[in-house]
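Quick notes on the structure that follows.
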Amino acid sequence: MLEVTISVSSDVYYIDLDDEEFKQKWNQIRAFLEQRANEIWKKYRRGNAKKRHNIDGIILELAIKKGMFDETPDFMVKCTYTSFIPNTTSNFPNGRELVIRNLDIIKKVAEV
């Protein structure tokens with residue numbers, strides 16, 4: 001297991017994908033970019049995102065490239081559910097994912 005320390009100074013920009021304000025903006029972004037994201041998704045050959053028709057990551061990347069956020073995010077966070085028992089799902093998260101886009105904000109990595 002790794003313990004990662006990141007900088008969260010005032011010049012670091014992040015997006016909390018669970019934030020209510022973000023969710024409202026997301027609905028507009030999704031409506032605007034969904035057709036283009038589907039075109040890109042059709043070109044994928046395989047993978048779990050392909051099986052689930054999950055285009056959220058594609059939409060996020062398109063939105064970032066098109067400058068639809070205040071800044072380019074250094075990292076993003078989201079509460080998620082991971083199934084540890086096959087074929088189970090839940091509406092209640094059991095984890096929090098962190099996606100670091102700007103590796104320069106990593107200050108320390110230690111094995112624990």
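Hydrogens, waters and symmetry mates are skipped; everything else that's a heavy atom, side chains included, is used.
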Locate the shortest heavy-atom distance separating [X] from [Y]; write the atom from each residue and the value.
{"X": "Asn94", "Y": "Tyr81", "value": "OD1-CA, 3.4 Å"}
{"X": "Tyr13", "Y": "Asp70", "value": "OH-N, 3.6 Å"}
{"X": "Ile100", "Y": "Leu103", "value": "CG2-CD2, 4.2 Å"}
{"X": "Ser83", "Y": "Thr88", "value": "OG-OG1, 2.7 Å"}
{"X": "Ser7", "Y": "Lys107", "value": "CB-CE, 3.4 Å"}

In one Ile/Leu/Val/Met/Phe/Trp/Tyr side-chain cluster, 4.5 Å: [X], [Y]:
{"X": "Val4", "Y": "Ile105", "value": "yes"}
{"X": "Phe75", "Y": "Val99", "value": "no"}
{"X": "Tyr14", "Y": "Phe69", "value": "no"}
{"X": "Met76", "Y": "Ile59", "value": "yes"}
{"X": "Ile40", "Y": "Met68", "value": "yes"}

Exercise. Report the C-alpha distance between Ile15 and Phe22 in whole Å, list the side-chain angles of each, state the deciding distance to 0.1 Å, and finish with yes or no for side-chain contact (heavy atoms from CB on, under 4.5 Å).
Key: CA-CA 8 Å; Ile15 298 174; Phe22 172 80; 3.5 Å; yes
Within the 4.5 Å heavy-atom criterion, are [X] and [Y] side-chain neighbours or not?
{"X": "Leu33", "Y": "Lys66", "value": "yes"}
{"X": "Arg30", "Y": "Ile55", "value": "yes"}
{"X": "Asp74", "Y": "Ile6", "value": "no"}
{"X": "Asp56", "Y": "Leu60", "value": "no"}

Quiz item: If you measure from OG1 on Thr72 to NZ on Lys65, what distance do you get to the nearest 0.5 Å?
Solution: 11.0 Å
Self-check item: Residues Glu20, Lys23; criterion salt bridge (Lys or Arg N to Asp or Glu O under 4.0 Å); working and verdict
Solution: CA-CA 5 Å; Glu20 289 304 319; Lys23 288 178 185 179; 3.4 Å; yes
